[in-house]
Amino acid sequence: QSRLARALDSLRDALAEQHQAAVALQGASAQLRATLAELHARLESHQAGLGRLAGDVNSVNAEARRLEGWADGILARP
């Protein structure tokens, strides 16, 4: 019966360790979810910023072309 008691103690210890590992895994999973959500939010913010930058670049490009046309007109005068 002593062997059975030791085996049950070992099983109880193993189950306790398994429970602690499962709790740690749940915590790590929650932290990973939070980190991924933050990453997603930052990527969306960067995407929005890049969209604004593209609009600004297009505006500057259009203005440069307008000025180029004006300069060409001035240079074409006799």
Side-chain angles (χ1 to χ4, degrees):
Q1 192 165 11
S2 166
R3 288 177 59 192
L4 179 59
R6 284 194 306 269
L8 288 174
D9 286 343
S10 293
L11 179 59
R12 185 174 50 249
D13 291 344
L15 288 173
E17 286 179 28
Q18 185 181 30
H19 175 73
Q20 290 174 348
V23 169
L25 180 60
Q26 286 175 336
S29 294
Q31 186 177 11
L32 178 59
R33 277 192 302 276
T35 300
L36 289 175
E38 183 178 340
L39 176 61
H40 183 262
R42 287 181 184 210
L43 287 173
E44 283 184 334
S45 175
H46 285 299
Q47 183 180 17
L50 288 172
R52 287 189 299 275
L53 179 60
D56 292 346
V57 167
N58 288 336
S59 294
V60 168
N61 189 36
E63 181 66 12
R65 289 186 189 277
R66 187 188 71 76
L67 289 172
E68 181 182 30
W70 174 81
D72 288 345
I74 293 295
L75 293 175
R77 290 182 183 171

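All residue numbers refer to positions in the sequence shown, counting from 1. In this text, all values refer to a predicted model and were calculated from it rather than measured experimentally.
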| request: Measure the spacing between CD of Glu63 and CG of Asn58 and express it to the nearest 0.5 Å. | output: 13.5 Å
| said: Nearest 0.5 angstrom please: Asp56 CG to Arg52 CZ, how far? | reply: 9.0 Å
| field | Any side-chain heavy-atom pair of Leu43 and Gln47 under 4.5 Å | value | no
| message | Would you say Ser29 and Arg33 are linked by a side-chain donor-acceptor pair, where the criterion is simply a distance under 3.5 Å? | response | no
| query | In Å, rounded to the nearest 0.5 Å, how long is the span from CG of Leu36 to NE2 of His40? | reply | 10.0 Å
| query | Between Asp9 and Arg12, is any pair of side-chain heavy atoms under 4.5 Å apart? | reply | yes
| For Gln18, does the CD atom sit with more than 12 other heavy atoms under 6.0 Å from it, leaving out its own atoms? | no
| Just by distance, do the side chain of Ser10 and the backbone of Arg6 share a donor-acceptor pair under 3.5 Å? | yes
| request: Could you identify which residues cluster with Leu15, counting Ile, Leu, Val, Met, Phe, Trp and Tyr as linked when any side-chain heavy atoms lie under 4.5 Å apart, either directly or through a chain of such contacts? | output: Leu11
| task | Would you give the length of the straight line joining atom NE2 of His46 to atom CG of Leu53, rounded to the nearest 0.5 angstrom? | result | 13.0 Å
